[in-house]
A.B. asks: 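Provided herewith is a single structure, encoded as structure tokens, for subsequent inquiry.
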Amino acid sequence: MNFNYDVIVIGAGHAGCEAAAAAANLGSKTCLITMDMNKIAQMSCNPAVGGIAKGQIVREIDALGGYMGLVTDKTAIQFRMLNRSKGPAMWSPRAQCDRGKFIWAWREVLDNIPNLHIWQDTVEELIVENGEVTGLITCWGVTFHAKCVVLTAGTFLNGLMHIGHKMLAGGRCAEPASYHLTESITRHGITAGRMKTGTPVRIDAKSVHFELMDTQDGENDFHRFSFISEPRKLKQLQCWTCFTNEEAHEVLRSGLKDSPLFNGQIQSIGPRYCPSIETKIVTFPDKPQHQLFLEPEGETTHELYLNGFSSSLPMEIQLEALKKIPCFKDIVVYRPGYAIEYDYFDPTQLKHTLESKIVKNLFFAGQVNGTTGYEEAGGQGIVAGINAHINCHGGEPFVLGRDEAYIGVLIDDLVTKGVDEPYRMFTSRAEYRILLRQDDADMRLTERAYRIGLAKQDRYDIFCKKKEEIERLTKFATTYSIKADKINDTLEALGTARLSHGCKLIDLISRPQITVENIAPHIPALQEAIDQVKERKDEIVEAAEVLIKYKGYIDRERTIADKIHRLESIRIKGKFDYANLQSLSTEARQKLIKIDPETLAQASRIPGISPSDINVLLVLMGR
């Protein structure tokens, strides 16, 4: 074998798989190194993909030519579109997946990508020469040489698991931790820290009293994650919900003295928005119950995941508390919940391409950057893989703006603001969320991916046809005239005001009571225009309707984004000696020295940089 590569990716989690696939599909000779080839893209916690804002990220990965959406659709056992009661900027797809099938679907993808090799081993040391990574050494003593290295080690770097007072080294349950690699990286001046996450108990379905739980059904309409996948193939299953109670809380409180989170055993910070059950009862002492979601791990297994009951309490406390909940009175578990501490690296040390500012051609993606979640990892992975390929073969850096993608928001937040707790994406983090809807990720990103060669011709052809059909329907609605006497009875029946005079169809569809679905049967020309759509009709009609209904909001947000772009175009990196700019506040000087932003817009987003500081820089730039 020849151990010389363009790109080497360390770790085959969600970030690593997307990074390796992107680099290889773009033409780089790529190697993906993993401890266990049978655990590729393992869903370490919940076997689900998507959710609030996370679902948008998966659609963006798919629009760019990545695979998370395709694999999710292939292995989904329940699909739901969350936030349907809100506007389309908030709609977020989520799918429960078959954990085992998800792994093998990803393995099939990777095995069939040209230029991509998989090597089973553990990386122990980076080789850095003159400030540039040139390769690595594994625990088997194999020396690899590479032009670029992408680190996506997840929770494995010096991983330490906790159940009560019991501590075990490991990167996941029953999997070893990775040692020495953190130290190999930090000796070059890169700063590391510790974070914590956790996972709940896994339950045997044969022991659950489902009749004492509420069911939560999925949806079987046209929505999917990928813009090019076929309808879901696997059997669609139920989830269930229940609540904790005061009896369970009393048991949990009795174990707090033995909780690693509260007895000083765990020093690192856990995810704020996915707290353990013990954190919930301490943070919300007056709340009599907390909702739990019981979710299947696969199409045929009896293993169930108890969402909302993440814990590192002693095993006997976890079980005793669960038995106080009626549906779990006879509970049998496969294993208890546990917490895990791991190393991460300060993401403010990265460029927007996710390349290290300190060690050239070394990229970081996923939980090693302080994020939490498969989706956030996958989004970083595809950007890191693209830019690693570009570093090898030339080209302009691939960077996504905050008005282009949630992935752009994620990376900008990481490299500009840093993290002091595991970062999770929410729609509220995006100032342009009306532009970043789940329905139009392909309209935002597929053209860019096609230009760099990642989105292939078949995907691009589907995109072009869809775009053409959406434009045809929106143009029809804009130009087609409606006569009042022909439609007023229908409008009244639909609960909306009658017309006093004629109008364009777009004015009707813009009304909140009117949808394309309920008005089309009463306007033959509209129904005919819809019937001309031969493929993905429902998807195209929904996208057109969103554009029609929210045109004013979309246009206003685009105008605001364009104004901010003016600051994005003012490059300041390397133009100031911040330490000697006494007209800036002390905090601003310190933050600007640390982050060294590329543009004035990035500088304006750094916490502690005031508008007056930005004005000082504008004046000094002659603006």
Side-chain angles (χ1 to χ4, degrees), residues 1-24 28-37 39-40 110 113 115-159 171 175-192 342-345 347 349-351 353-369 377 380-381 384-393:
M1 286 182 64
N2 181 349
F3 293 98
N4 296 322
Y5 289 91
D6 293 324
V7 177
I8 294 177
V9 179
I10 304 171
H14 303 274
C17 288
E18 293 290 1
S28 284
K29 184 184 177 185
T30 305
C31 184
L32 177 61
I33 301 179
T34 177
M35 289 180 176
D36 188 346
M37 291 171 62
K39 296 287 180 65
I40 282 174
L110 297 173
I113 295 177
N115 303 316
L116 178 57
H117 298 164
I118 301 173
W119 178 260
Q120 186 166 298
D121 205 340
T122 301
V123 176
E124 289 195 338
E125 185 176 352
L126 288 184
I127 303 172
V128 178
E129 300 174 0
N130 300 318
E132 181 175 345
V133 69
T134 59
L136 53 85
I137 301 171
T138 73
C139 71
W140 287 107
V142 181
T143 298
F144 285 81
H145 296 283
K147 296 175 183 175
C148 288
V149 172
V150 183
L151 179 68
T152 67
T155 61
F156 280 77
L157 298 180
N158 295 318
E175 295 183 57
S178 174
Y179 297 105
H180 312 301
L181 186 54
T182 297
E183 295 72 21
S184 171
I185 292 168
T186 55
R187 77 168 62 112
H188 299 288
I190 295 172
T191 305
Y342 55 93
D343 293 339
Y344 80 100
F345 302 94
Q349 303 167 105
L350 302 176
K351 303 174 184 177
T353 59
L354 297 179
E355 182 186 10
S356 170
K357 295 176 181 176
I358 299 167
V359 177
K360 185 174 171 55
N361 291 330
L362 175 61
F363 292 79
F364 294 78
Q367 280 186 274
V368 293
N369 286 339
Q380 293 171 71
I386 291 169
N387 283 299
H389 166 81
I390 289 169
N391 274 24
C392 292
H393 301 282

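Note that this is a predicted model, so its numbers are computed, not measured.
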A.B. asks: When you look at Leu157 and Tyr342, which way does the side-chain contact (heavy atoms from CB on, under 4.5 Å) test go after all the steps?
C.D. replies: CA-CA 6 Å; Leu157 298 180; Tyr342 55 93; 5.7 Å; no
A.B. asks: Considering non-hydrogen atoms only, spot the tightest contact between Thr30 and Ala24 and give its length.
C.D. replies: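 Shortest heavy-atom separation between Thr30 and Ala24 comes out as OG1-N, 3.4 Å.
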A.B. asks: Does Phe364 have any ring-ring contact (aromatic ring centres under 6.0 Å, His included) partners at least two apart in sequence or in another chain, and if so, which?
C.D. replies: Phe345
A.B. asks: With sequence neighbours left out, write down each residue that passes salt bridge (Lys or Arg N to Asp or Glu O under 4.0 Å) with Lys351, or none if nothing qualifies.
C.D. replies: Glu355
A.B. asks: Is there a donor-acceptor contact under 3.5 Å linking the side chains of Asn387 and Thr353?
C.D. replies: no
A.B. asks: What's the shortest heavy-atom distance between Ser28 and Cys392, and which atoms?
C.D. replies: OG-CB, 4.4 Å
A.B. asks: Could you tell me which non-hydrogen atom of Val149 sits nearest to which non-hydrogen atom of Val133, and how far apart they are?
C.D. replies: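 Taking Val149 first and Val133 second, the nearest heavy atoms are CG2-CG2, 3.9 Å.
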A.B. asks: When rounded to the nearest 0.5 angstrom, what is the spacing between OG1 in Thr186 and CG in Leu181?
C.D. replies: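 Between atom OG1 of Thr186 and atom CG of Leu181 there are 9.5 Å.
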A.B. asks: For the side chain of Gln349 and the backbone of Ile358, is there at least one donor-acceptor N/O pair under 3.5 Å apart?
C.D. replies: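 Answer holds: no.
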A.B. asks: Only one of Val150, Leu350, Val7 passes side-chain contact (heavy atoms from CB on, under 4.5 Å) with Phe363; say which it is.
C.D. replies: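 Going through Val150, Leu350, Val7 one by one, the side-chain contact (heavy atoms from CB on, under 4.5 Å) with Phe363 is satisfied by Val150 alone.
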A.B. asks: Roughly how far, to the nearest 0.5 Å, is the CD1 atom of Ile185 from the CD1 atom of Ile190?
C.D. replies: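 Interatomic distance, Ile190 CD1 to Ile185 CD1, rounded to 0.5 Å: 6.5 Å.
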A.B. asks: For Thr155 and Gly171, work out which heavy atoms get closest and say how close.
C.D. replies: OG1-O, 2.7 Å
A.B. asks: What's the spacing between Phe144 CZ and Asn4 CG if we round to 0.5 Å?
C.D. replies: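 Here the rounded value is 10.0 Å.
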A.B. asks: Under the criterion salt bridge (charged side-chain N to carboxylate O under 4.0 Å, His left out), I'd like the reasoning laid out for Lys29 against Asp6: C-alpha separation, chi angles, the key distance, then a yes or no.
C.D. replies: CA-CA 5 Å; Lys29 184 184 177 185; Asp6 293 324; over 6 Å; no
A.B. asks: Given Ile118 and Ile40, is the side-chain contact (heavy atoms from CB on, under 4.5 Å) satisfied, shown in steps?
C.D. replies: CA-CA 10 Å; Ile118 301 173; Ile40 282 174; 4.1 Å; yes
A.B. asks: Going through the checks in order, is the side-chain contact (heavy atoms from CB on, under 4.5 Å) test met by Ile8 and Val123?
C.D. replies: CA-CA 11 Å; Ile8 294 177; Val123 176; over 6 Å; no
A.B. asks: Over all heavy atoms of both residues, which pair between Thr34 and Ala12 is shortest? Give the atoms and the distance, please.
C.D. replies: CB-CB, 3.6 Å
A.B. asks: When rounded to the nearest 0.5 angstrom, what distance separates CG in Leu362 from CD1 in Ile10?
C.D. replies: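 Output value for this atom pair is 7.5 Å.
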A.B. asks: Identify the residue among Lys147, His117, His145 that makes a side chain to side chain donor-acceptor pair (under 3.5 Å) with Tyr5.
C.D. replies: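 The residue from Lys147, His117, His145 that satisfies side chain to side chain donor-acceptor pair (under 3.5 Å) with Tyr5 turns out to be His117.
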A.B. asks: Give the C-alpha distance, both sets of side-chain angles, the deciding distance and a yes or no for side-chain contact (heavy atoms from CB on, under 4.5 Å) between Lys39 and Glu175.
C.D. replies: CA-CA 10 Å; Lys39 296 287 180 65; Glu175 295 183 57; 3.5 Å; yes
A.B. asks: Using a 3.5 Å distance criterion without hydrogens, assess whether the side chain of Ser184 forms a donor-acceptor pair with backbone atoms of Leu126.
C.D. replies: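 Confirmed, Ser184 side chain pairs with Leu126 backbone.
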A.B. asks: What's the spacing between Trp119 CH2 and Phe3 CZ if we round to 0.5 Å?
C.D. replies: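 Between atom CH2 of Trp119 and atom CZ of Phe3 there are 4.0 Å.
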A.B. asks: Please find the pair of heavy atoms, one from Gly366 and one from Gln380, that lie closest to each other, and give the distance.
C.D. replies: N-OE1, 3.1 Å
A.B. asks: Kindly state each residue pair satisfying salt bridge (charged side-chain N to carboxylate O under 4.0 Å, His left out) with at least one member in residues 125-138, sequence neighbours excluded.
C.D. replies: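 Only Glu125-Arg187 qualify under salt bridge (charged side-chain N to carboxylate O under 4.0 Å, His left out).
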A.B. asks: List for me each residue that meets ring-ring contact (aromatic ring centres under 6.0 Å, His included) alongside His393, sequence neighbours excluded, and say none if there are none.
C.D. replies: His389
A.B. asks: Thr122: what forms a side chain to side chain donor-acceptor pair (under 3.5 Å) with it, not counting sequence neighbours?
C.D. replies: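 Expected list: none.
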A.B. asks: Going by ring-ring contact (aromatic ring centres under 6.0 Å, His included), name the residues that satisfy it together with Tyr179, two or more places apart in sequence or in a different chain.
C.D. replies: none
A.B. asks: As an exercise, state the distance from CD of Glu124 to OG1 of Thr138, rounded to the nearest 0.5 Å.
C.D. replies: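 If we round to the nearest 0.5 Å, Glu124:CD and Thr138:OG1 are 7.5 Å apart.
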